[in-house]
Amino acid sequence: MSVYTPEQRQRIVAHVDMDCFYVSVERLLNPKLNGIPVAVGGSPDGRGVVASCSYEARKFGVRSAMPMAKALQLCPKLTIVSGSFSRYSEFSRKVHETLCSFSPLVQMASQDEAYIDLTGTERLWGAPLSAAQMMREAVLKATQLPCSLGIATNKLVAKVASSLCKPAALLYIPPGSEASFFRRLPVDHLPGVGVKSARTLREIGVETLGDLASFDTKRLAHHFGDQAENLQARARGENNSPIVNDVPARQVSAETTFDRDSVDRDFLFSVLSGLAEKVASRMRRDDCRASTIVVKYRYNNFETHTASMTLSEPTDDEGTLLDTARALFSSRWNNRPIRLLGVAGTNLVFERRQLDILAIPAEERKEKLHKAVDALRGKHGYGIVKRGSSAID
DNA sequence: TCTGGGGTCCTAGGACCC
DNA sequence: TCTGGGGTCCTAGGACCC
């Protein structure tokens with residue numbers, strides 16, 4: 001018996017990737033940045049790293065995630081921009097809107113990346129390549145920002161295609177040519193294979209995705225466990241993960257690395273307070289509450305730990321967040337110098353906040369206070385209203 | 001040159017329940 | 001008195017991505 005299911009239809013998937021997104025936005029805001037080496041990120045004096053860099057900077061070996069001090073050494077004429085992250089979100093929304101006019105199925109994978117399901121849109125937009133060309137032009141028209149596009153029969157192959165054709169280009173991988181397209185690529189081109197997995201693979205003689213696809217599965221499982229088969233399927237360009245609108249967040253977090261390591265308990269506690277405020281405020285904005293509170297701390301030798309606790313009821317109250325985070329941190333901290341602290345809420349529950357008619361007046365007051373505080377912060381930034389116990393400035 | 005901040009997903013052990 | 005197997009939740013760590 002053969003049953004038709006939508007999954008069995010030949011899919012057409014596009015992956016849009018904005019070209020050095022942060023730098024491109026900064027160049028729109030300040031055209032003097034055009035044509036010169038630019039990096040967006042933290043200060044080279046402190047512990048900043050490169051978040052995004054222009055192709056002119058890449059010529060000197062500058063890469064994202066590189067310490068800014070090193071980037072400046074490699075490229076002394078580098079112009080460093082600290083980054084206007086709320087502006088990036090605005091442009092990301094514009095990109096999303098534009099893409100939504102091409103398909104009802106658009107999934108933002110990050111601020112500067114999206115998957116679009118074009119299956120069944122041929123009558124509207126024509127063949128895959130012409131649809132892609134129209135999308136690229138539409139994004140450029142709406143945002144003045146360049147992007148690259150990969151088009152294939154699934155998300156995996158589309159993503160690899162867009163990464164290989166940047167900047168400002170298109171690459172179409174026709175149905176049936178996925179495996180041959182992947183075969184000669186180095187293993188670290190496969191999304192999910194990072195530094196560690198690539199090293200492990202190299203050690204067993206696997207250099208290319210073709211090598212990986214034909215490697216003995218049992219021997220591979222020795223290093224990658226249950227993931228071995230999946231890894232090999234992906235190495236052949238096989239992937240059936242769906243494109244999903246409005247994927248709910250799994251976590252809300254805030255963290256900060258200090259300019260100098262600290263052993264000052266009062267300072268560390270006040271930092272936790274600021275982080276808890278930030279996380280609670282964002283949860284309330286997004287109408288979610290967290291069942292599990294996580295505190296993250298990193299020692300000066302980069303040793304990183306997390307400690308978490310699941311509450312009996314989900315919360316978006318910064319007092320509860322703060323008390324939990326402080327208790328978790330102080331029960332584990334061994335007084336060695338700390339370089340990073342973070343607070344997160346996970347196990348999120350999404351729910352329109354409607355006050356229970358039976359809610360006691362005190363709860364109601366707290367609710368109104370929170371909303372008012374959030375509104376003020378929305379207008380003037382987090383610094384405008386602080387809890388009595390939060391003393392960072 | 002020591003390594004940001006926001007996330008996602010996976011694994012593995014132990015508790016606990018049926 | 002000893003011994004099951006399966007499922008789910010919690011916790012901690014790690015790899016990876018933009």
Side-chain angles (χ1 to χ4, degrees), chain A residues 15-23 39-53 61-75 80 82-83 85-86 88-89 92 107-114 155-156 159-160 162-163 166 187-201 223-228 230-231 234 241 244 247-259 261 275 278-279 282 291-312 328 332 339-348:
Chain A
H15 180 256
V16 170
D17 201 327
M18 306 303 293
D19 298 331
C20 35
F21 183 53
Y22 295 169
V23 169
V40 174
S43 157
D45 306 326
R47 290 168 160 172
V49 301
V50 176
S52 172
C53 58
V62 176
R63 294 288 179 273
S64 60
M66 175 182 280
M68 196 61 88
K70 185 187 179 186
L72 202 52
Q73 276 194 341
L74 291 172
C75 178
I80 296 165
S82 65
F85 291 88
S86 58
Y88 305 152
S89 300
S92 183
Q107 179 177 0
M108 292 302 286
S110 71
Q111 274 195 317
D112 72 332
E113 258 182 82
K155 290 166 86 174
L156 208 218
K159 182 174 168 63
V160 174
S162 72
S163 75
K166 343 189 97 263
V187 283
D188 62 359
H189 280 46
L190 192 69
V193 174
V195 181
K196 304 264 177 175
S197 304
R199 191 193 306 149
T200 303
L201 288 168
H223 296 91
F224 294 92
D226 294 343
Q227 289 304 304
N230 185 246
L231 198 56
R234 291 163 50 82
S241 68
V244 189
V247 183
R250 308 295 302 260
Q251 168 186 320
V252 177
S253 71
E255 64 182 53
T256 185
T257 296
F258 314 133
D259 290 337
D261 304 335
L275 295 169
K278 213 167 168 177
V279 170
R282 291 210 322 243
S291 300
T292 304
I293 311 302
V294 187
V295 67
K296 172 174 168 182
Y297 52 102
R298 177 172 288 159
Y299 289 115
N300 55 346
N301 65 352
F302 228 71
E303 179 187 315
T304 307
H305 299 273
T306 60
S308 65
M309 183 148 110
T310 298
L311 310 171
S312 54
L328 284 167
R332 285 161 173 84
R339 65 142 42 213
L340 168 148
L341 280 179
V343 172
T346 69
N347 261 325
L348 299 181

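Proteins get letters first, then strands, A, B, ... in listed order; numbering begins at 1 in each.
- Annotation: salt bridge (charged side-chain N to carboxylate O under 4.0 Å, His left out) contacts of Lys296(A) (sequence neighbours excluded): Glu255(A).
- Distances shorter than 4.0 Å separate none of the side-chain N or O atoms of Arg332(A) from OP1 or OP2 on dT11(C).
- Counting only heavy atoms from C-beta on, Val49(A) has its side chain closest to dG4(B) among dG4(B), dT11(C), dG6(B).
- Here Ser162(A) pairs with His15(A) under the side chain to side chain donor-acceptor pair (under 3.5 Å) rule; sequence neighbours left out.
- Remark: Arg298(A) is not in phosphate contact with dT3(B), judged by side-chain N or O atoms under 4.0 Å from OP1 or OP2.
- Judged as a side chain to side chain donor-acceptor pair (under 3.5 Å), and not counting sequence neighbours, the contacts of Thr292(A) are Thr310(A), Asn347(A).
- Taking side-chain N and O atoms only, Arg339(A) has no distance below 4.0 Å to OP1 or OP2 of dC2(B).
- Where Val252(A) and Gly46(A) meet DNA chain B, the nucleotide closest to each residue was compared, and Gly46(A) sits on the side nearer the 5' end.
- The side chain of Arg250(A) contributes an N or O atom lying less than 4.0 Å from OP1 or OP2 of dC9(B).
- For the ring pair (Phe, Tyr, Trp, His ring centres under 6.0 Å) test, residues two or more places apart in sequence or in another chain that qualify with Phe85(A) are Tyr22(A), Tyr88(A).
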Exercise for the section: Using a 4.0 Å heavy-atom cut-off, write out nucleotides 13-18 of chain C from 5' to 3' as B (base contacted by protein), S (sugar-phosphate only) or - (no contact). Expected result: S-SSSS
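- Contact record, His305(A) with Glu303(A): NE2-OE2, 2.8 Å, taken as the closest heavy-atom pair.
- We find that OH of Tyr88(A) is positioned 14 Å from C1' of dG4(B), with the value rounded to whole Å.
- Spacing between atom CG of Leu340(A) and atom P of dT3(B) amounts to 12 Å, rounded to whole angstrom units.
- Within the 4.0 angstrom heavy-atom criterion, only backbone atoms of the sugar-phosphate kind lie near Met309(A); the bases stay farther away.
- OP1 or OP2 of dG5(B) has at least one side-chain nitrogen or oxygen of Thr256(A) nearer than 4.0 Å.
- The distance from atom CG of Asp226(A) to atom P of dC9(B) is 18 Å, rounded to the nearest whole Å.
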Handout entry: Base-pairing string, 5' to 3', of DNA chain B - Watson-Crick or wobble, under 3.5 Å, | interstrand
Key = ....||||||||||||||
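- The CZ atom of Phe258(A) sits 19 Å away from the P atom of dC2(B) (whole-angstrom rounding).
- When distances are taken from the side chain of Thr292(A) to each of dG4(B), dT11(C), dG7(B), the shortest belongs to dT11(C).
- Shown here are the side chain to side chain donor-acceptor pair (under 3.5 Å) partners of Asn230(A), two or more places apart in sequence or in another chain: there are none.
- Phosphate contact (OP1/OP2 of dG7(B), side-chain N/O of Ser253(A), threshold under 4.0 Å): present.
- For the atom pair NE2 of His189(A) and NZ of Lys159(A), the computed distance is 12.0 Å after rounding to the nearest 0.5 Å.
- Across the protein-nucleic acid pair, Tyr297(A) atom OH and dT11(C) atom C1' stand 12 Å apart, rounded to whole Å.
- Using C1' as the reference atom, dC16(C) and dT3(B) are 16 Å apart when rounded to the nearest Å.
- Remark: Arg47(A) pairs with Asp261(A) by the salt bridge (charged side-chain N to carboxylate O under 4.0 Å, His left out) rule, at least two apart or across chains.
- Straight-line distance from the CG atom of Leu328(A) to the C1' atom of dA12(C): 12 Å, rounded to whole Å.
- Here Phe302(A) packs flat against the base of dT3(B); its ring centre is closer than 5.5 angstrom to the base's six-membered ring, tilted by less than 30 degrees.
- The side chain to side chain donor-acceptor pair (under 3.5 Å) search around Ser82(A) returns none, not counting sequence neighbours.
- Nearest-nucleotide positions on DNA chain B for Pro67(A) and Ala51(A) put Pro67(A) closer to the 5' end.
- Gln251(A) places no side-chain N or O within donor-acceptor distance of the main-chain N or O of Thr346(A), the cut-off being under 3.5 Å.
- Counting only heavy atoms from C-beta on, Arg282(A) has its side chain closest to dG7(B) among dT11(C), dG7(B), dG5(B).
- Taking CZ from Arg63(A) and SG from Cys53(A), the interatomic distance works out to 7.0 Å, rounded to the nearest 0.5 Å.
- Separating the NZ atom of Lys155(A) from the C1' atom of dT8(B) is a distance of 12 Å, rounded to the nearest angstrom.
- Note: CG (Asn347(A)) to P (dT11(C)) measures 9 Å, nearest angstrom.
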